[in-house]
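Heads up: the structure comes next, in structure tokens.
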Amino acid sequence: MDIFINKIITLLREKIPLPAETIERLLEAPPDIKMGDYAFPCFSIAKQLGKDPKKIATELSQKLIPDDTVIYINALGPYLNFHISKPLLFRTVLEEITDKGAFYGNSDVGKGKTILIDYSSPNIAKHLAVHHLRSAVIGNAIYNLHKALGYTCIGINHLGDWGTQFGQLIVALKKWGSDYVTASPENSHKQDSTKKEKLTVSKLNELYVRFHKEAKVNNALEDQAREWFKKLEGGDKEAKDTWQSFKEISLIEFERVYKRLGIRFDSYAGESFYNEMLDDTLRRIKDSGLTEISDEALIVNLDKYNMPPCLLRKKDEASLYATRDICAAEYRKREYNFDKMIYVVGSEQRLHFRQFFKVLEEMGYEWVHDCTHVDFGLVKFKQGKMSTREGKVILLEDLLEESCRIAGEIIAEKHPDLENKQEVAESVGIGAIIFSELCTKRVKDVLFDWDVILNFDGETGPYVQYTHARLCSVLRKYGDQVPTDANYDLLKEDDELVIIKQLECFPHTLLRAAYNYEPSILSNHLLDLCSTFNRYYQHHRILTDKKELRKARILLVHSIKQVIRNGLGILGLKSPEKM
RNA sequence: GCGCCCGUAGCUCAACUGGAUAGAGUAGUGGACUUCGAAUCCAAUGGUUGCAGGUUCAAGUCCUGCCGGGCGUACCA
């Protein structure tokens, strides 16, 4: 808390020649709460003065005079430890949480700033599978984090709705899909459509798999696909209508899953959205004198940055991923004038981002330095990497369904008379999945394992939700209005102090999590808080007979509940009151 | 080959800008529900932080070199 830190800085500045910011930077928390609340390591000042750090600590501990805020100062080796008034600490933190409620932890550091977050961005005409989960869930958490910090957030789902694969699908549909009726408006009113099967994402998947299987033995197929994609780019009506139906079918499925996950977007402007603008972008790149022709393809040579070239146009004149990303970046800057733009995309695309960021830089766009690739590790399977082309995937909807089913089973066993079982099972089942994606650092590759992801014990989403439900239960039993004031002298258990410190640093945790684009910092903080509370709960009675103590503890319980709820909300989990 | 990333307990992971004794979960073992929710808690067990150097008062954290793994490396995204 600022009042304590400022007090310590004021005290120290009277005796040592360091600016306030330096002192603040050096201040840290001792490893054990018994050692003190804040520690000032004397190494750097010792070096400056050419003296022994231990001696300095001792001398300072004698010279500094404690008061009502900082009540005791002692030296421990080369560290100067400050002990603050505990009742004042409890009062400050608990009153702030009570005061701010659902907004505790929020700040205005992002006020007036706009951040664009590009996340999820699946390819259409394919099912959402478990490996699509990471980007969506991480991106959503980062969105919520920044929103809490006052940023204006724009969530963009940069749909993969353009590219040669749609040429492939059109060929496949024409060749083997005559039994299907597509969903586009032109076809839906046709009388004979009832006889035909409705095209679905599953059917498209089958066609996609079949195409790649047959293309191995029939070279002509790839050529036809390229031709159809060129027609699509050229605005051919048949190609366009067919593609449009692919997109509509896909979005129905996507939105169903996003809704279940509690994820939303401000824009669905995908790759196709930029078609009309591509030529202008290409012209600007050319005008910057960056391009050259190599093997009939248009490229930007990046040799001097020790990178392979960035391909902008294939020899068949079709555009490429990088072209569309550069174009999209230009458009987004024009349209939103963002202060930051982040791409939540797997780390296998690192080179791609380095390349196209470099092209933007070479084009003279200073704002490229506000763009960040927030990467994350691969989802791996026991059988190896997942491949849509071979049709081997675990569908996201199947995973969600299974998780909710298990949550339902556990509820049926433990609390058969819980009123809204279905709804709670959904919250817990989905929560387990989301949390498991957010509790380790992004860079780590993750091995998909049904047993691990569907385990609800230990460091999991359900554990945090359970703790929340338990806190709610205590508050229900208490019955009365939660007190707004209490005798803070009575809170003197070690765990109460640990808890209050964890509650205290929640706002700082949000800042760190946002700054590092790392939701796991928040999820780990919540796990720590829950763990401390559950231990405390086991050993101390909240609803004790002693009235004043009970009041103080209830206030503490209420604050823990509030912080867990706020934190889970940011991560994208619901906080059921009973489960 | 080259580039980027990662190596911490059997397994999965923590450790804020380098700081005091490297912490959890999980599996296995033993224990705690007539008291506020046992999806919980407690105990014991589990480590030369891949290896070798270097920088520093201080290295899991920074630098160099090895070893091991992942990803990428021109017309997929």
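Sequence lines set the chain letters: A, B, ... in the order given, protein chains first and strands last, and positions in each chain run from 1.
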Heavy atoms under 4.0 Å, any strand shown: does A:His539 hit a base, just sugar-phosphate, or nothing? sugar-phosphate
Tell me the interatomic distance from A:Tyr537, atom OH, to B:U35, atom P, rounded to whole angstroms. 11 Å
In terms of relative ring orientation, are A:His212 and A:Tyr208 parallel, tilted or perpendicular, with 30° and 60° separating the classes? perpendicular
Which part of the nucleic acid, if any, lies within reach of A:Asp32 when heavy atoms closer than 4.0 Å are counted: base, sugar-phosphate only, or nothing? nothing
Sticking with atom C1', work out how far B:C5 lies from B:A43, rounded to a whole angstrom. 40 Å
Within less than 4.0 Å of OP1 or OP2 of B:U35, is there a side-chain N or O belonging to A:Lys477? no
Take atom P in B:C13 and the same atom in B:G7, then report the distance between them in whole Å. 10 Å
Integer angstrom distance from the P of B:G46 to that of B:A22: 15 Å
For a quick check of understanding: with a heavy-atom distance under 4.0 Å over all strands, which category does A:Pro30 fall into, base, sugar-phosphate or nothing? base
For the side chain of A:Asn81, counting heavy atoms from C-beta on, which of B:G37, B:A20, B:G72 is nearest? B:A20
Side chains of A:Tyr463 and A:Phe456: does their closest heavy-atom pair fall under 4.5 Å? no
Roughly how many Å apart are B:G23 and B:G60, using the C1' atom of each and rounding to a whole number? 12 Å
Under 4.0 Å, counting only non-hydrogen atoms across every strand here, what does A:Glu296 touch: a base, just sugar-phosphate, or nothing? nothing
Distance check, P atoms only: B:A52 and B:C57, in whole angstrom units. 23 Å
Rounded C1' spacing from B:U45 to B:G30 in Å: 11 Å
Consider only side-chain N and O atoms of A:Arg470 and A:Asn534, and report whether a donor and an acceptor are under 3.5 Å apart. yes
Charged N-O contact under 4.0 Å between A:Arg442 and A:Asp375: yes
Check whether the side chains of A:Ser575 and A:Gln465 place a donor and an acceptor atom closer than 3.5 Å, and report yes or no. no
Stacking between B:A39 and A:Tyr463, yes or no? Criterion: centroid separation under 5.5 angstrom, plane angle under 30 degrees. no
Could you measure between the two P atoms, the one in B:C16 and the one in B:C62, and give it in whole Å? 11 Å
Interatomic distance where CD belongs to A:Gln355 and P belongs to B:A74 [whole Å]: 9 Å
For the side chain of A:Leu320, starting at C-beta, report the closest nucleotide among B:U40, B:A77, B:A20. B:A77
Could you identify which residues of residues 41-57 of chain A place a heavy atom less than 4.0 Å from some atom of RNA chain B, listed by residue number, or say none? A:Phe43, A:Lys47
Think A:Tyr321 has a side-chain N or O under 4.0 angstrom from the OP1 or OP2 of B:A77? no
Any chance the side chains of A:Asp118 and A:Ser121 put a donor and an acceptor closer than 3.5 Å? yes
With the side chain counted from C-beta on, respond yes when A:Leu149 and A:Leu511 share a heavy-atom pair under 4.5 Å apart, and no when they do not. yes
Which of the following nucleotides, B:G37, B:G70, B:A20, is nearest to the side chain of A:Lys380? B:G70
Within the structure shown, what part of the strands sits under 4.0 Å from A:Gly163 by heavy-atom distance: base, sugar-phosphate, or nothing? sugar-phosphate
For the residue pair A:Trp162 and A:Trp243, does the interplanar ring angle fall in the parallel (under 30°), tilted (30 to 60°) or perpendicular (over 60°) class? perpendicular
Can you run through RNA chain B from 5' to 3' and write each base as (, ), [, ], | or . depending on how it pairs? Watson-Crick or G-U wobble, both distances under 3.5 Å. (((((((..((((.....[...))))..((((.......))))......(((((..]....))))))))))))....
Selection from B:C71, B:G37, B:U26 that lies nearest to any side-chain heavy atom of A:Asn455: B:U26
Does A:Glu24 reach a base, just sugar-phosphate, or nothing at all? Heavy atoms under 4.0 Å. nothing
For A:Tyr274 and A:His158, take the angle between the two ring planes, folded into 0 to 90°, and tell me which bin it lands in: parallel under 30, tilted 30 to 60, perpendicular over 60. tilted
Which of residues 412-425 of chain A sit near RNA chain B, with a heavy atom under 4.0 Å from it? A:Lys414, A:His415
With syn defined as a glycosidic torsion within 90 degrees of 0 and anti otherwise, which applies to B:C33? syn
Is any N or O donor-acceptor pair between the side chain of A:Thr460 and the base of B:A39 shorter than 3.5 Å? no
Between A:Ser319 and A:Arg324, do the side chains contain a donor N or O and an acceptor N or O under 3.5 Å apart? yes
Measure up the A:Tyr536 and A:Phe533 rings against each other and bin them: parallel (under 30°), tilted (30 to 60°), perpendicular (over 60°). tilted
Need one value for A:Ile542: base, sugar-phosphate or nothing, where a base atom within 4.0 Å counts as base even if backbone is also close, heavy atoms only. base
Below 4.0 angstrom, N of the basic side chain to O of the carboxylate: do A:Asp480 and A:Lys551 qualify? no
Check for a donor-acceptor pair, side chain of A:Arg535 on one end and backbone N or O of A:Asp495 on the other, with a separation under 3.5 Å. no
Counting distance only, does the side-chain N/O of A:Asp161 pair as donor-acceptor with the main-chain N or O of A:Glu271 below 3.5 Å? yes
Closest to the A:Arg476 side chain, choosing from B:U35, B:C76, B:G37: B:G37
Which of the following nucleotides, B:G37, B:A39, B:A74, is nearest to the side chain of A:Ser294? B:A74
Any donor-acceptor N or O pair under 3.5 Å, side chains A:Tyr343, A:Gln349: no
Interatomic distance at C1', B:A44 relative to B:G28, whole Å: 12 Å
Can you give one letter per nucleotide of nucleotides 3-16 of chain B, going 5' to 3': B for a protein heavy atom under 4.0 Å from the base, S for sugar-phosphate only, - for none? SSS-S-----SSSS
So what does A:Ile411 hit on the nucleic acid, given a heavy-atom distance under 4.0 Å: a base, only sugar-phosphate, or nothing? base
For residues 542-550 of chain A, please give each side-chain donor-acceptor pair under 3.5 Å, one per line with the distance, not counting sequence neighbours.
| unit_1 | atom_1 | unit_2 | atom_2 | d |
| --- | --- | --- | --- | --- |
| A:Thr544 | OG1 | A:Lys546 | N | 2.8 |
| A:Arg550 | NH1 | A:Thr544 | O | 3.2 |

I'd like to check the side chain to side chain donor-acceptor pair (under 3.5 Å) partners of A:His373; sequence neighbours left out, ordered by chain and number. none
Just to be sure I understand the rule, does A:Ala469 reach a base, reach only the sugar-phosphate, or reach nothing, if contact means heavy atoms closer than 4.0 Å? base
Per atom distances to the A:Val474 side chain, the nearest of B:G72, B:C41, B:G37 is B:G37
Of the candidate nucleotides B:U40, B:C36, B:A20, which contains the atom at the shortest distance from the side chain of A:Ala39? B:A20
